[in-house]
Structure formats: C-alpha cells, structure tokens
Number of protein chains: 2
Amino acid sequence: MNSNFTLAIHSLTLLALKPDSMSSSKAIAESACVHPVRIRNVLSLLRKHGFIESKEGTGGGFIFTLNPAKVTLWDIYKATSEGALQPKCPEANEECIVGANMKNVLFSIFIGAEEHLGEYLKKYTIKDVVEFVNNEPEKY
Amino acid sequence: MNSNFTLAIHSLTLLALKPDSMSSSKAIAESACVHPVRIRNVLSLLRKHGFIESKEGTGGGFIFTLNPAKVTLWDIYKATSEGALQPKCPEANEECIVGANMKNVLFSIFIGAEEHLGEYLKKYTIKDVVEFVNNEPEKY
DNA sequence: CCTATCTATAATATTTATTATTACAGTATA
DNA sequence: TATACTGTAATAATAAATATTATAGATAGG
C-alpha cells in the first residue's frame with residue numbers, strides 16, 4: 001500500500017487534534033519522521049481536494065477545513081492513492097493467449113478489488129482514527 | 001500489489017490450460033516475460049502450499065494437481081502475498097501521541113482491509129480466469 | 001554410465017521505485 | 001525588509017524488486 005495514504009491519514013489526524021491553529025509541515029514531518037517536503041507534497045494533494053487549507057508566510061501552515069467525522073479513509077485513498085492496488089505487471093508475451101490477455105483480465109479484477117476495498121474504507125473516518133489514537137494503551 | 005500474486009495467477013492459468021503435461025519454468029517465463037528463476041521461486045511457494053507438483057530432470061516441470069475451479073484468488077494471495085496490503089510506514093516519533101500510536105492503528109485497519117479483500121478474491125477461481133482469458137476479444 | 005534437461009536455492013548484480021535533499025520562487029507577517 | 005512559512009521542480013540517496021549467475025541435485029534417454 002502506497003505510503004502517501006498513511007502519511008495523509010497521519011497528517012489529517014494531527015490536524016484534527018489542532019483544529020484551531022495552523023500546523024507547519026515541519027511539525028507534521030517531525031511526528032511522522034519524514035521530510036517536510038514530502039508532507040507538503042502529500043498535503044498539496046489534500047488541499048487540491050478540499051480537505052484542508054494552507055497558508056504561506058509567517059505563522060502559516062495547514063488546517064483542517066472539513067468535519068473529521070465526515071472524511072472517510074476512502075475519500076483520502078481516492079485523493080492520494082487511487083489505482084495503487086493495481087499490480088504493475090510487466091508486459092507479457094503477446095504471442096501467448098495467456099500473456100496477451102492476462103493484463104486486461106487482471107486489470108478488471110483489480111478495479112473490482114479497489115471498489116470493494118472502498119466499501120471497507122468508507123467505514124472509517126478521521127474522527128474514528130483520532131479516537132483510536134486517544135484510546136491506545138501506550139498513549140503519550 | 002505484490003507482483004508475485006499476479007505471476008502466480010499467470011502461471012496457474014497456463015498450467016490449467018495444459019493439465020496433462022508438465023510445463024517448464026522456461027516456457028512459463030516466456031509467457032510472462034520474466035526470468036525463469038523468478039517463476040521457480042513463485043511456483044516453489046505454490047508447491048509448498050499443495051497447488052501444484054513439480055518434477056526435476058528431463059521432461060520435468062510443473063503441473064496443476066488441484067481442480068482449477070476450486071482454487072480461488074484468495075488462496076493464491078494467501079500463499080504468495082499475505083500481508084502485502086500492509087503499508088510499510090516508517091518508524092514515527094514516539095514522543096508524539098499520533099506518532100506513537102498511528103502504527104498500531106493502521107495495522108489494525110489494514111488487517112481488516114485484507115480480510116475484506118479476501119471476501120472479494122474468494123469469488124474468483126483459476127477456472128474463471130481461464131474463461132476470461134479465452135473470451136477476451138484480442139485472443140491468440 | 002554419461003549427457004542433456006530440468007528443478008531448487010543461494011548469492012550477487014542490476015534496475016526501478018521511493019524517499020530525502022537541495023534549491024529557489026512566492027506569500028504573509030511583524 | 002527580515003523572517004518564517006508554502007509550492008514545486010530538480011537532483012541525490014536509499015531501498016525494494018527483479019534479473020542474473022552459480023552450483024547442487026534429480027531424471028530420462030541413449
């Protein structure tokens with residue numbers, strides 16, 4: 001699974017915990033232990049999909065604009081990782097009936113798999129994740 | 001998605017089409033356009049799980065021993081790629097409540113996602129894939 | 001019993017994908 | 001106008017996937 005997806009969940013969870021102030025990419029990056037530029041790239045996708053707003057300049061950063069209870073993991077998946085389930089099969093041998101057709105067959109199957117996965121991911125919202133994090137035994 | 005999974009499907013589909021004779025790793029590799037050693041490594045997993053038998057020496061190779069109508073894509077997934085859905089999240093910052101707990105939370109969610117995916121993959125058998133391949137428009 | 005053809009598997013090399021880093025332009029604030 | 005941010009492209013470094021090489025062992029046929 002694409003790690004943009006989990007980074008997006010991580011970031012939105014942090015933002016949901018600080019709904020009243022901007023969080024910088026540096027602060028989020030320190031929580032997730034990745035480079036701030038990577039956070040900005042992922043959050044740029046989320047901004048383009050309207051989940052968050054960003055502000056440049058001093059005191060700027062990112063802030064959650066939607067209700068975390070309304071944002072499902074499927075919404076996030078679609079924004080950051082759509083198609084990630086598809087296997088990148090190498091070009092097979094067109095001279096063979098299996099090689100020639102396997103790609104299309106697998107493509108159809110994995111399209112269905114992604115839709116099916118969607119039904120599962122729709123059950124979880126960022127609010128749920130925030131609650132899970134708060135209720136974990138080894139909490140902060 | 002792990003390509004061992006799709007290579008296994010590809011290989012078993014070929015074997016299902018030749019139920020009466022051994023197929024060599026070289027022949028399968030040529031259909032899938034990968035290296036024969038890779039085919040042997042994947043098929044070694046399938047053999048250990050009892051899907052196929054192999055025979056060394058001249059005229060040896062691999063042969064399907066089960067009924068293709070009884071082997072689902074979920075069976076194959078479990079044999080070749082279990083856990084592949086789990087994201088490899090980097091170690092996050094233990095000093096942060098989100099960083100400290102995100103890994104466990106995501107792990108639980110993805111365990112559930114894999115189980116859910118299983119329900120979908122159980123619907124497809126190798127026999128189905130063989131039929132799809134035979135019915136594709138741009139067939140051999 | 002020798003040779004050719006195959007699997008099994010480990011070790012290494014190569015390629016590709018992911019991630020980090022650097023760089024720089026732009027924006028807002030004080 | 002100095003400082004602290006985002007946005008994004010370009011490049012470098014690292015990690016993962018895949019191919020290749022190597023070697024041992026099995027089997028069939030001459």
Side-chain angles (χ1 to χ4, degrees), chain A residues 1-8 10-11 14-15 18 21-49 51-65 80-81 83-93, chain B residues 1-8 10-11 14-15 18 21-49 51-65 80-81 83-93:
Chain A
M1 176 63 57
N2 194 318
S3 81
N4 277 1
F5 181 47
T6 57
L7 266 184
H10 192 129
S11 302
L14 279 168
L15 296 186
K18 291 191 70 180
S21 63
M22 291 275 178
S23 304
S24 72
S25 62
K26 184 162 174 284
I28 299 169
E30 277 167 6
S31 170
C33 283
V34 296
H35 200 278
V37 172
R38 198 141 114 71
I39 294 294
R40 292 206 289 275
N41 286 332
V42 172
L43 294 194
S44 176
L45 287 172
L46 295 178
R47 180 176 49 77
K48 285 168 186 161
H49 282 81
F51 295 100
I52 60 176
E53 281 177 9
S54 66
K55 204 176 120 191
E56 301 181 17
T58 305
F62 302 87
I63 195 163
F64 215 148
T65 43
T80 63
S81 311
L85 217 58
Q86 284 290 340
K88 23 196 170 327
C89 20
E91 289 305 318
N93 188 345
Chain B
M1 179 62 57
N2 194 319
S3 81
N4 277 1
F5 181 47
T6 56
L7 267 185
H10 192 130
S11 303
L14 280 169
L15 296 186
K18 291 191 70 182
S21 63
M22 292 275 177
S23 304
S24 72
S25 62
K26 184 161 175 287
I28 300 169
E30 275 166 8
S31 170
C33 283
V34 297
H35 200 278
V37 172
R38 198 141 116 69
I39 293 294
R40 291 206 289 274
N41 286 332
V42 172
L43 293 194
S44 176
L45 287 171
L46 295 178
R47 179 176 49 77
K48 284 166 186 163
H49 283 81
F51 295 99
I52 60 176
E53 282 176 10
S54 66
K55 202 175 122 193
E56 303 182 15
T58 304
F62 302 88
I63 195 163
F64 215 147
T65 44
T80 62
S81 312
L85 216 59
Q86 284 290 340
K88 22 196 171 325
C89 21
E91 289 305 318
N93 188 347

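Below, read A as the first sequence line, B as the second, and so on, with proteins coming before strands; counting in each chain starts at 1. Side chains included, hydrogens not; waters and symmetry mates left out as well; all remaining heavy atoms used. Everything quoted here is computed from the prediction, not taken from an experiment.
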Expressed in angstrom and rounded to an integer, what is the separation of [X] atom [atom1] from [N] atom [atom2]?
X	N	atom1	atom2	value
B:Leu45	C:dA8	CG	C1'	12 Å
B:Leu15	C:dT7	CG	P	11 Å
A:Phe5	C:dT19	CZ	P	15 Å

Using every non-hydrogen atom in the two residues, find where A:Thr80 and A:Leu46 come nearest and quote the distance to one decimal.
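Shortest heavy-atom contact: CG2-CD2, 3.9 Å.
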According to side chain to side chain donor-acceptor pair (under 3.5 Å), who are the partners of [X], at least two apart in sequence or on a separate chain?
X	result
B:Ser25	B:Arg40
A:Ser31	A:His10
A:Ser24	none

With [X], which residues qualify under side-chain contact (heavy atoms from CB on, under 4.5 Å), at least two apart?
X	result
A:Lys55	A:Met22
B:His49	B:Phe51, B:Ala79
A:Glu56	none

Going 5' to 3' through nucleotides 21-29 of chain C and flagging B where a protein heavy-atom sits under 4.0 Å of the base, S where only the sugar-phosphate is that close, and - otherwise, we get BB---BBBB
Does C:dC6 have OP1 or OP2 under 4.0 Å away from a side-chain N or O of B:Ser24?
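Checking C:dC6 against B:Ser24, no side-chain N or O comes under 4.0 Å of OP1 or OP2.
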Looking at B:Ser44, does any N or O in its side chain come under 4.0 Å of the phosphate oxygens OP1/OP2 on C:dT9?
yes
Boundaries of the chain A footprint along DNA chain D (any atom under 4.0 Å from a heavy atom)
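Boundary nucleotides touching chain A, in 5' to 3' order, are D:dT3 to D:dA9.
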Show me the pairs that pass salt bridge (Lys or Arg N to Asp or Glu O under 4.0 Å) and involve residues 21-30 of chain A, at least two apart or across chains.
A:Lys26-A:Glu30
